[in-house]
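In each ligand, atom 1 is the first atom listed, and ligand 1 is the first ligand listed. These numbers were taken from a predicted model, which means no experiment stands behind them.
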Amino acid sequence: MEEAPLQKLEDELLQEQGVELWVKREDLLHPHISGNKWRKLKYNLQEAKEQGHHTLLTFGGAYSNHIAATAAAGKEYGFNTIGIIRGEEHLPLNPTLSFATSCGMELHYISREKYKLKAEPDFLEELKQTYGNVHLLPEGGTNLLAVKGCTEIVQDIPIKYDSICSAMGTGGTLAGIVAGLAGEKQVLGFPALKGGEFLKQDVEELVQEYSGHTYTNWQLITDYHFGGYAKVKPELLAFMEEFGKKHHIPLEPIYTGKMMYGLFYLIREGFFTRGSRIVAVHTGGLQGNAGFRERLGLQV
Ligand SMILES: *Cc1c(COP(=O)(O)O)cnc(C)c1O
């Protein structure tokens, strides 16, 4: 596994506001098992091996970072992989799914209706009947072993800092960060979905189940979803492009672009006291940009 180095940003806005911003480049952890998805898979792969499973089965949308990461992890660590994909097959395959199949993942499509059952015990039993003795991983990879893996995001940060930020989908990554810090620092989570307030309870439950503790040093910043999950706006794309040029750090529009946009907004508004040191976790997900380039002519 590669390192996830810290990169300090040089920016006029940061100087004006008297804050430091460091990006934790989890996107560099692995070329294909990107960022937080690698953290989330790590202990799940160990468990699958210990249980003698040869096949991983998981779920995702057609552009899912978790599908791409699971396919790559299966190839690297010697598991067969099956991806249950939401919606109909579209040929030619988009870049995410064509990457997944190139890693050997077998794809099966199910209707959006049926996909909603993805966590129901009866449906999971049915999948086991169909596909045999598979190791099931939930959508987005979030479970307690994923939380354990994500606690390691904060284990090797070699500077002193005050606040740490992460994008959120299911909240598994944030739960790991919160549990790993055990009440230290200020933790900010930026949901990529509209109405992300519900994640408060999900994170609380994951942290409690994993660590047996409840912490209060974290909060959600729910204003920067740009209309909802996978929705983008021109000002977001423009921000990402400028950010990429200035700092030489690629972002993607679903998670990290929205978090960084929101974080810059908070900094501009004086949310952080002068002298603060902020760490922003780059959770990866850059494989998704190939699909965005195809659909939107994205320039990053
Ligand atoms: C999946 C993903 C997230 C969300 O992680 P959760 O643990 O589901 O909250 C954030 N950023 C990127 C780049 C992702 O791929």
Side-chain angles (χ1 to χ4, degrees), residues 4 23-30 32-44 58-73 96 99-100 118-119 137-154 164-180 187-193 196-207 210 218 220-222 224-226 228-230 232 236 240 249-263 280-292 300:
V23 179
K24 182 148 201 298
R25 301 288 308 271
E26 297 274 304
D27 57 310
L28 300 177
L29 273 181
H30 188 287
H32 296 301
I33 316 174
S34 166
N36 67 339
K37 298 305 184 286
W38 168 236
R39 302 282 189 187
K40 294 171 87 169
L41 282 168
K42 179 178 168 188
Y43 291 106
N44 279 294
T58 195
F59 310 87
Y63 293 91
S64 162
N65 294 329
H66 169 66
I67 287 288
T70 303
T96 299
F99 171 77
K118 62 191 180 289
L137 297 172
E139 183 189 44
T142 290
N143 57 19
L144 292 184
L145 290 175
V147 172
K148 177 177 177 178
C150 289
T151 64
E152 296 178 357
I153 294 173
V154 296
I164 184 163
C165 308
S166 175
M168 300 172 78
T170 63
T173 303
L174 202 82
I177 291 172
V178 169
V187 183
L188 303 178
F190 292 75
L193 319 78
E197 290 80 11
F198 75 91
L199 286 171
K200 179 101 189 160
Q201 192 179 345
D202 291 359
V203 171
E204 220 156 73
E205 284 173 9
L206 282 169
V207 171
Y210 174 74
W218 61 280
L220 303 185
I221 308 290
T222 54
Y224 300 97
H225 53 72
F226 289 89
Y229 185 74
V232 298
L236 173 62
M240 286 167 48
I249 301 177
L251 301 173
E252 44 68 53
I254 308 218
Y255 295 107
T256 53
K258 289 177 179 177
M259 172 197 67
M260 202 60 84
Y261 185 102
L263 178 55
V281 179
H282 191 318
T283 39
L286 297 168
Q287 69 83 26
N289 278 352
F292 270 102
V300 290

Whether the [X] and [Y] side chains hold a donor-acceptor pair (N or O, under 3.5 Å, no angle test) is what I'd like checked.
{"X": "Tyr210", "Y": "Glu205", "value": "no"}
{"X": "Thr173", "Y": "Asn36", "value": "yes"}
{"X": "Thr222", "Y": "Glu197", "value": "yes"}

Between Ala4 and Leu29, which heavy-atom pair has the shortest distance, and what is it?
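Taking Ala4 first and Leu29 second, the nearest heavy atoms are CB-CD2, 3.9 Å.
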Ligand 1 atoms in contact with [X] (distance to a heavy atom under 4.0 Å):
{"X": "Lys37", "answer": "1 (C), 2 (C), 3 (C), 14 (C), 15 (O)"}
{"X": "Gly172", "answer": "6 (P), 7 (O), 9 (O)"}
{"X": "Gly285", "answer": "13 (C)"}
{"X": "Gly171", "answer": "6 (P), 8 (O), 9 (O)"}
{"X": "Thr283", "answer": "10 (C), 11 (N), 12 (C), 13 (C)"}

Do Phe190 and His225 make the cut of ring centroids closer than 6.0 angstrom?
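No.
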Check whether any heavy atom of [X] sits under 4.0 Å from an atom of ligand 1.
{"X": "Gly140", "answer": "no"}
{"X": "His282", "answer": "no"}
{"X": "Gly35", "answer": "no"}

Is there any N or O on Thr256 that sits under 3.5 Å from an N or O of ligand 1?
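No: no nitrogen or oxygen of Thr256 is under 3.5 Å from one in ligand 1.
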Could you say whether the N/O atoms of Tyr255 and ligand 1 ever approach to under 3.5 Å?
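No; the residue has no nitrogen or oxygen that sits under 3.5 Å from a nitrogen or oxygen of the ligand.
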Give me the nearest non-hydrogen protein atom to [atom] as residue plus atom name, then the distance to 0.1 Å.
{"atom": "atom 4 (C) of ligand 1", "value": "Gly169 N, 3.3 Å"}
{"atom": "atom 5 (O) of ligand 1", "value": "Asn36 ND2, 2.9 Å"}
{"atom": "atom 13 (C) of ligand 1", "value": "Gly284 O, 3.2 Å"}

Look at the side chain of His282 and the backbone N and O of Pro250, then say whether any donor-acceptor pair between them is shorter than 3.5 Å.
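Yes, His282 side chain to Pro250 backbone: donor-acceptor pair under 3.5 Å.
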Any donor and acceptor pair, going by atom type alone, linking the side chain of Ser34 with main-chain N or O of Gly285 inside 3.5 Å?
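At least one qualifying donor-acceptor pair exists.
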Report the residues that fulfil salt bridge (Lys or Arg N to Asp or Glu O under 4.0 Å) with Glu139, sequence neighbours left out, ordered by chain and then residue number.
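Testing Glu139 for salt bridge (Lys or Arg N to Asp or Glu O under 4.0 Å), a comparison that skips the adjacent residues, returns Lys118.
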Under the ring-ring contact (aromatic ring centres under 6.0 Å, His included) test, which residues partner Tyr229, sequence neighbours left out?
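Expected list: Tyr255.
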